[in-house]
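These numbers were taken from a predicted model, which means no experiment stands behind them.
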Amino acid sequence: MLSEDELALLEAIRESGSLSRAAVRLGKAPSTISHAARQLEARFDALLFDRRRYRLQLTPAGQLLAIEAARLMQDVSRLTRRVKQIASGWEDRLWIVTDEILEFEILAPVIRSFDGLQSGVALRLTTEVLGGTWEALRDGRADIIVGATNEPPAIPKLRWFELGVMEWVFAVSPRHPLAKATEPLEREAVARHRSVVVADSSRSSAGRAYGLVGGQATLAVPSMRAKIIAQRQNLGVGWLPRQRVTGLLKRGELVEKQMADPREPNTLYVAWRGDHEGRALSWWLDELRQPRLAKRLIKGLEITD
């Protein structure tokens, strides 16, 4: 490992092209710089400086030493910062998994606020759907999950709180046969038409979908936004978050249908493992407990185009 003075010497000679100019740059006598250069060559038993030309240059070996030594110094500097970071209670990385139904755009300002802390914690945000969200926490693929639905499962040292409640509406395109069907709609009537579902991302189970009737045809899509678009374009029917389709319902681009078996509102949860509570996790939990942010996450972004 080279010292900072030795790295500075290599860089000064590489950029200035002479011992005298390097000496001026480093604020040292030329004889001191010349002696340090020869000591460095003796230490590595290699010719590091090409003195044959008018302009002093690093040899290929000297170039390699300068580049690799600078990289190692950067690595050591990063390691030092990480060690101090961990010692002060900050995690090395925080993995946040949100249910796909929550939009990243709403979390972006929170990320910006977290960046302002200059904690050094690397953030990773990914999404899962339905059972896959809880599964990510259980399997160690998340430090905190946001927007998980259904009752919290049995996970060691699980801790959680309610984010909020999401209400649903059964909606169809005005061009769909069910748009003019007599209400309330019975399950048998709905079962004759294809349902649009967001595919459950569970890896260890078959997953689940809401509002399906046994044997009903389905169109599985990757996101709630895609589901709303699919139903607006008459590709199927199903339950949608009421607040996100309010505008589409008002404009008649979707039609609300009363159901004989209404869907209960869903409680969405924030959850984490109690044995992994660092300063970054605590900061995010405090933010997610703020009613304003929780309300915005539950309400979501209304589709207007």
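When atom types are taken as modelled, the side chain of T218 and the backbone of A220 share no donor-acceptor pair closer than 3.5 angstrom. Looking only at distances, a side-chain donor or acceptor of Q231 sits under 3.5 Å from a matching main-chain atom of G238. Side-chain atoms of E91 come within 3.5 Å of backbone atoms of G278 as a donor-acceptor pair (strictly under, hydrogens ignored). K180 contributes no side-chain N or O that, together with a main-chain N or O of P174, makes up a donor-acceptor pair within less than 3.5 Å. Put simply, the side chain of S34 never gets that close to the backbone of P30: no donor and acceptor are under 3.5 Å apart. No donor-acceptor pair closer than 3.5 Å links the side chain of S119 to the backbone N or O of D115. Checking side-chain atoms of E183 against main-chain N and O of M259 turns up no donor-acceptor pair under 3.5 Å. No side-chain donor-acceptor contact under 3.5 Å links K257 to the backbone of P184. Side-chain atoms of E253 do not come within 3.5 Å of backbone N or O of R232 as any donor-acceptor pair. With R273 contributing its side chain and D143 its backbone, the two residues share no donor-acceptor pair below 3.5 Å.
The pair R263-E167 does not count as a salt bridge, with every side-chain nitrogen at least 4.0 angstrom from each carboxylate oxygen.
The salt bridge (charged side-chain N to carboxylate O under 4.0 Å, His left out) check on E68 picks up R71, with sequence neighbours excluded. Looking at residues two or more places apart in sequence or on another chain, you find a salt bridge (charged side-chain N to carboxylate O under 4.0 Å, His left out) between R159 and E277. Under the side chain to side chain donor-acceptor pair (under 3.5 Å) criterion, T59 pairs with no residue at all, not counting sequence neighbours. Q233 is linked by a side chain to side chain donor-acceptor pair (under 3.5 Å) to nothing, counting only residues two or more places apart in sequence or in another chain.
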Show me the donor-acceptor pairs, under 3.5 Å and distance only, between side chains in residues 240-250 and residues at least two apart or in other chains.
{"unit_1": "R242", "atom_1": "NH1", "unit_2": "E256", "atom_2": "OE1", "d": "3.3"}
{"unit_1": "R242", "atom_1": "NH2", "unit_2": "E256", "atom_2": "OE2", "d": "2.8"}
{"unit_1": "R244", "atom_1": "NE", "unit_2": "K299", "atom_2": "O", "d": "3.4"}
{"unit_1": "R244", "atom_1": "NH1", "unit_2": "I101", "atom_2": "O", "d": "2.4"}
{"unit_1": "R244", "atom_1": "NH1", "unit_2": "E103", "atom_2": "OE2", "d": "3.2"}
{"unit_1": "R244", "atom_1": "NH2", "unit_2": "I101", "atom_2": "O", "d": "3.0"}
{"unit_1": "R244", "atom_1": "NH2", "unit_2": "L297", "atom_2": "O", "d": "3.4"}
{"unit_1": "T246", "atom_1": "OG1", "unit_2": "R242", "atom_2": "O", "d": "3.0"}

Point to revise | Full working for side-chain contact (heavy atoms from CB on, under 4.5 Å) between L47 and E41 | key: CA-CA 6 Å; L47 186 66; E41 288 180 317; 3.3 Å; yes
Point to revise | Worked check of side-chain contact (heavy atoms from CB on, under 4.5 Å) between V129 and T127 | key: CA-CA 7 Å; V129 180; T127 62; over 6 Å; no
Practice item. Give the C-alpha distance, both sets of side-chain angles, the deciding distance and a yes or no for side-chain contact (heavy atoms from CB on, under 4.5 Å) between L288 and F161. Key: CA-CA 10 Å; L288 291 166; F161 60 84; 4.1 Å; yes
Check your understanding: What do the steps show when you test I106 against L293 for side-chain contact (heavy atoms from CB on, under 4.5 Å), and what is the final call?
Key -> CA-CA 8 Å; I106 298 175; L293 175 59; 4.1 Å; yes
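Using a 4.5 Å heavy-atom threshold, the side chains of T32 and H35 count as separate. The shortest distance between side-chain heavy atoms of W272 and I96 does not fall below 4.5 Å. Between L285 and V270, some side-chain heavy-atom pair lies under the 4.5 Å cut-off.
Closest heavy-atom contact between A29 and A23: C-CB, 3.9 Å. Across all their heavy atoms, V198 and L130 have their closest contact at O-CD1, 4.3 Å. Between S201 and E128 the shortest heavy-atom distance is OG-OE1, 2.6 Å. Residues D99 and A148 approach most closely at CB-N, 4.4 Å, considering heavy atoms.
Residue R141 places its CZ atom among more than 12 non-hydrogen atoms of other residues, nucleotides or ligands, all under 6.0 Å distant. For R194, the CZ atom sits in a packed shell: over 12 heavy atoms of surrounding residues, nucleotides or ligands are nearer than 6.0 Å.
With hydrogens and angles left out, the side-chain atoms of N266 and T149 include no donor and acceptor closer than 3.5 Å.
Atom-to-atom distance recorded for E100:CD and K227:NZ is 11.5 Å, nearest 0.5 angstrom. Rounding to the nearest 0.5 Å gives a distance of 4.5 Å between CD1 of I298 and CG of L268.
In this structure, Y269 shares a hydrophobic cluster with W95, V97, W134, L137, I145, I155, L158, W160, the cluster being traced through Ile, Leu, Val, Met, Phe, Trp and Tyr side chains under 4.5 angstrom apart.
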